[in-house]
Amino acid sequence: MAIKILSDELVALIAAGEVIERPYSVVKELVENALDAGAKNITVELKKGGIKSIKVVDDGHGIAADELDLAFQRFATSKFSEGSAVGDVETLGFRGEALPSIASVGDVEMVTRAADTEHGTRYVVTYGEFQTKEPCGAPFGTSVTVNDIFHKTPARFKFLSSAAYESGRIQRLVHALATINTAVGFKLVLDDKLRFSSLGQGDQMAVLARIYTSKITDSLLAVDETIEGIAIKGTISAPNVRRSNRVGIILGLNGRLIQDRLLMVAIKQAYRGYLDERTFPIATLCVSVPTNSVDVNVHPAKSEVRFADKDRMFSAVQNAVRRTLIEKAGVPEFKRFSTQPATDTASAPTQTPNYKQTAPASQSPASDWTPGWPAPDTPIATDNAENAQNLPSNFTHREILPLMQFVGQIQKTYLVADTLGGMYLIDQHAAHERVTFDAIVGTLKTAGRLEIQPLLAPETVELPADIISFLDEHRAKLEKFGFQLEQFGENTILIRSVPALLVERGTRDITELITNILTSIAEGKSGEQWQRDIIATIACHSSIRAGHTMGADESHKLLQQLAETEQPQTCPHGRPTVIHISNRLIEREFERS
Ligand code: ADP
Ligand code: MG
């Protein structure tokens with residue numbers, strides 16, 4: 001078979017496959033062009049999720065009539081001129097592929113009018129074939145309509161999902177674009193109904209308030225950090241907001257919406273100890289770096305980027321989020337779910353007649369109470385407003401908990417403490433776990449290892465052979481934590497020593513502990529995660545349990561130690577250690593105010 005060079009149309013179609021996968025990609029490319037054109041207002045209109053038609057209208061600088069043909073040619077771009085370094089382009093990408101690609105897969109009409117021109121131009125291309133170019137009346141700016149996408153490429157058409165799915169994705173895209181580009185007003189119209197709009201007033205919280213419920217927006221914490229020249233701005237949710245997936249995480253890089261696994265992981269890791277492994281926060285972060293330290297054109301759809309210095313980027317984002325959490329995510333506070341006056345609670349049980357018999361104890365009238373973190377602008381430990389005002393803006397963790405006066409213990413599980421600002425309930429096990437965790441981390445940092453307690457009579461543990469097989473490789477690391485373990489037959493290991501800490505606290509279930517540790521190694525977690533797991537496990541097993549009667553001295557000491565930890569409001573697994581019941585709330589409930 002003779003080798004032939006592909007025709008231009010075919011090349012365009014193949015390239016389009018990379019850039020334009022579905023209506024979503026059309027919207028993304030057209031909106032990016034509009035943003036590059038300096039638009040202040042952008043409207044996206046869809047019919048049937050974009051499958052029938054997509055229209056993007058902007059009020060940007062438009063395209064001059066004599067440049068229109070060029071705009072629809074491959075690799076034609078106005079965003080890069082010879083001589084400028086590739087890395088210095090500050091627009092949303094310049095591959096010059098979007099318009100020709102879109103034109104090759106749909107019935108496309110562009111109406112555009114450049115600033116200072118008398119009239120606009122209408123330009124029509126259908127499935128890669130030029131149709132018309134004619135003058136017409138038009139407002140300044142550009143509108144692009146794409147009808148019947150993929151009609152000439154049935155194979156691709158088949159891959160489209162339902163209109164509901166396609167519009168759902170585009171709706172999230174427009175939300176994300178609006179939160180990253182807060183100075184631009186966005187409108188989204190689905191089948192002639194206005195579904196979303198933002199005002200373009202530069203206020204990210206205002207945009208988020210149009211996307212999320214007030215319960216979520218009330219929990220948002222502002223991030224504003226510059227770390228080693230990397231500026232990170234935006235909002236993150238307090239730990240009481242938990243999502244089962246990452247869709248609430250929106251990342252912008254120099255104004256561009258990106259999807260970057262690395263930075264997702266950085267954000268996720270910053271929430272360690274606040275959220276467990278399977279839950280995700282809501283976060284909208286705009287990262288700004290010098291344009292020459294990132295390559296945005298590596299990916300055809302330009303959603304992935306390449307950083308010059310990955311590690312620095314990772315730790316900057318992680319630290320920014322972490323610092324914000326430590327400084328601003330206070331103690332979860334008991335809040336009322338509904339805004340009804342307190343007297344209404346009395347009627348709640350009558351609405352559910354079987355309430356008393358059926359409701360589990362933990363939900364008694366408390367079903368309309370919910371622990372929540374305080375609103376973002378509530379100063380932490382607000383108890384003492386004067387104190388709070390005297391704090392430097394980057395006050396350290398020690399102010400997270402106020403001075404607590406131990407009052408008593410309830411259910412042999414919780415401590416009750418009095419403070420200027422109200423009452424605190426402390427989960428004694430969770431609190432002690434946090435204290436022990438920090439102590440172990442401290443010892444490892446200073447001494448490099450934990451103190452070992454040899455067992456007089458070594459204990460044996462039976463484990464599946466595949467888990468035991470990890471022992472050899474990790475023996476040295478385990479010793480650092482105080483565990484001397486030896487294989488003893490195919491399914492058995494011998495425990496020769498354990499961390500001294502465990503013995504002091506009289507841990508009984510060493511077997512369970514070793515099983516947990518080896519299992520987490522076998523699950524192939526990363527080194528750091530794995531070590532944290534071990535520390536958390538040791539902390540858990542060597543901490544005061546629920547059911548233990550706490551004396552005043554012991555309780556007092558625990559409260560003091562807790563206040564000195566880095567992250568006193570959660571245990572190492574991310575559960576709350578402390579719940580705050582404010583004076584305000586108590587007064588309201590007793591109808592004193
Ligand atoms: P790229 O954005 O990579 O340059 P495109 O194919 O998306 O390539 O667009 C080609 C050119 O058409 C752009 O460089 C720009 O000059 C012009 N253009 C496209 N869309 C618009 C718009 N909405 N407003 C003004 N100019 C536009
Ligand atoms: Mg473009």
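Keep in mind it's a predicted model, so treat the numbers as computed, not measured. Order of listing sets the numbers, starting from 1, for every ligand and every atom in it.
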Counting only heavy atoms, which portion of [X] has something under 4.0 Å from ligand 1: side chain, backbone, both, or neither?
{"X": "H61", "answer": "side chain"}
{"X": "V144", "answer": "neither"}
{"X": "A37", "answer": "side chain"}

Handout entry: Polar contact flag for I63 and ligand 1 (N/O pairs, less than 3.5 Å)
Key = no

Handout entry: G60 to ligand 1, any heavy atom closer than 4.0 Å
Key =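 No.
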
Name every donor-acceptor pair, under 3.5 Å, that has one atom in a side chain of residues 224-237 and the other anywhere in the protein, sequence neighbours excluded.
residue : atom : partner : partner atom : Å
E225    : OE1  : R323    : NH1          : 2.8
T235    : OG1  : Q204    : OE1          : 3.3
S237    : OG   : I282    : N            : 2.9
S237    : OG   : I282    : O            : 3.2

Practice task
Given side chain to side chain contact (heavy atoms under 4.5 Å, CB included), test Y127 with V105 step by step and report yes or no.
Solution key: CA-CA 5 Å; Y127 307 101; V105 297; 5.7 Å; no

Completion exercise
Only one of T179, I216, D203, I250 passes side-chain contact (heavy atoms from CB on, under 4.5 Å) with L208, and that residue is T179

Practice task
Pick whichever of D58, D36, I102 has a heavy atom sitting closest to atom 23 (N) of ligand 1.
Solution key: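 The option holding the nearest heavy atom is D58.
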
Practice task
Name the option, out of D59, N33, L30, L35, that contains the heavy atom nearest to atom 5 (P) of ligand 1.
Solution key: N33

Under 4.0 Å from a heavy atom of [X]: give me the atoms of ligand 1 that qualify, with their elements.
{"X": "T142", "answer": "22 (C), 23 (N), 24 (N)"}
{"X": "P100", "answer": "6 (O)"}
{"X": "A71", "answer": "10 (C), 12 (O)"}

Handout entry: D276 vs R575, salt bridge (Lys or Arg N to Asp or Glu O under 4.0 Å): CA-CA, chis, key distance, verdict
Key = CA-CA 8 Å; D276 66 35; R575 282 191 300 112; over 6 Å; no

Exercise for the section: Go through the steps to decide whether Q567 and R322 satisfy the test side-chain hydrogen bond (donor to acceptor under 3.5 Å, both in side chains), and finish with yes or no. Expected result: CA-CA 10 Å; Q567 203 182 317; R322 188 81 186 164; 2.4 Å; yes

Exercise for the section: With sequence neighbours excluded, give me every side-chain hydrogen bond (donor to acceptor under 3.5 Å, both in side chains) pair touching residues 162-173. Expected result: R22-E166

Problem - Verdict with reasoning, S315 to Q318, per side-chain hydrogen bond (donor to acceptor under 3.5 Å, both in side chains) - result: CA-CA 5 Å; S315 71; Q318 189 184 23; over 6 Å; no

